[in-house]
Novice: 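Here it is, the structure in full.
Order of appearance sets the numbers: ligands from 1, and atoms from 1 within every ligand.
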Amino acid sequence: MSELRPLTKAEAQSLGPPDWKHACHALLYAPNPGRLFGKIPLRFAVLMQMRFDGRLGFPGGFVDPRDISLEEGLNRELCEELGPGAASLHLAEKDYLSSHASEQPQRVVMHFYAKQLSLEEFRMVEEGAIQAKDHGLEVMGLIRVPLYILRDGVGGLPMFLSNTFIGNAREQLIHALDTLQLMPAEQLQKAVRIAQKRH
Ligand code: GTP
Ligand code: MN
Ligand code: MN
Ligand code: MN
Ligand code: MN
Ligand code: MN
């Protein structure tokens with residue numbers, strides 16, 4: 001696992017080419033009034049993807065020299081990986097959450113964003129995803145994150161957190177669920193504890 005260092009956005013932006021590459025990823029979410037089996041509150045729909053390398057991660061990617069800003073790069077990557085439903089998302093500076101620097105296996109600064117959608121907008125992204133340029137290539141499919149713990153005590157978020165994630169995507173997910181208050185803090189802590197014990 002790579003060492004990760006939290007950075008302010010200003011610090012992060014002082015790390016320039018050719019030494020450092022920059023990547024931006026985003027968590028898209030929508031309030032979800034639905035209930036699983038008519039009973040268990042779903043709380044929010046939260047979007048992640050199965051990557052080409054078999055790891056879970058968020059949509060997004062490397063910012064190229066052709067992108068005039070981090071957000072421009074992020075929006076380009078979202079269009080490539082999510083397809084036509086992402087064209088109107090327009091993530092902006094106000095959606096920025098955090099930056100981390102990683103030195104291994106290469107020097108990358110990873111920026112993280114989050115944006116709330118309506119459930120209809122969220123579903124439009126899901127429906128457009130199989131039209132995406134990278135569908136079946138970089139992206140093997142979209143998934144929703146289960147934000148509950150089933151009665152067996154492990155099903156749901158604890159099992160989900162036991163998957164393998166790219167970079168610090170797992171920490172990004174846990175931190176976002178906490179700060180955006182997408183589930184009760186004590187449930188989230190419990191899920192993280194259970195996932196830890198299974199290791
Ligand atoms: P290419 O077009 O093939 O280069 O891929 P990409 O531009 O889509 O890049 P990718 O999404 O693979 O991410 C670029 C870098 O960020 C890689 O070094 C990954 O390790 C890292 N990364 C990928 N997904 C995530 C994520 O969800 N969270 C974090 N923190 N890092 C990620
Ligand atoms: Mn990409
Ligand atoms: Mn990507
Ligand atoms: Mn890549
Ligand atoms: Mn790319
Ligand atoms: Mn690509």
Novice: Do F165 and F160 have their ring centres less than 6.0 Å from each other?
Specialist: yes
Novice: Taking atom NZ as the centre, does K197 end up with more than 12 heavy-atom neighbours from other residues, nucleotides or ligands that are less than 6.0 angstrom away?
Specialist: no
Novice: Check the orientation of H111 and Y96. Use parallel for under 30°, tilted for 30 to 60°, and perpendicular for over 60°.
Specialist: tilted
Novice: With sequence neighbours left out, what residues match E80 under side-chain hydrogen bond (donor to acceptor under 3.5 Å, both in side chains)?
Specialist: R76
Novice: Leaving out waters, which are not shown anyway, how many protein N, O or S atoms lie closer than 2.8 Å to the Mn ion (ligand 6)?
Specialist: 1
Novice: Can you check whether F58 and F112 have ring centres sitting under 6.0 Å from each other?
Specialist: yes
Novice: Look at G60 and state whether any of its N, O or S atoms is less than 2.8 Å from the Mn ion (ligand 3).
Specialist: yes
Novice: To the nearest 0.5 Å, how far apart are CD in Q116 and CG in L28?
Specialist: 11.0 Å
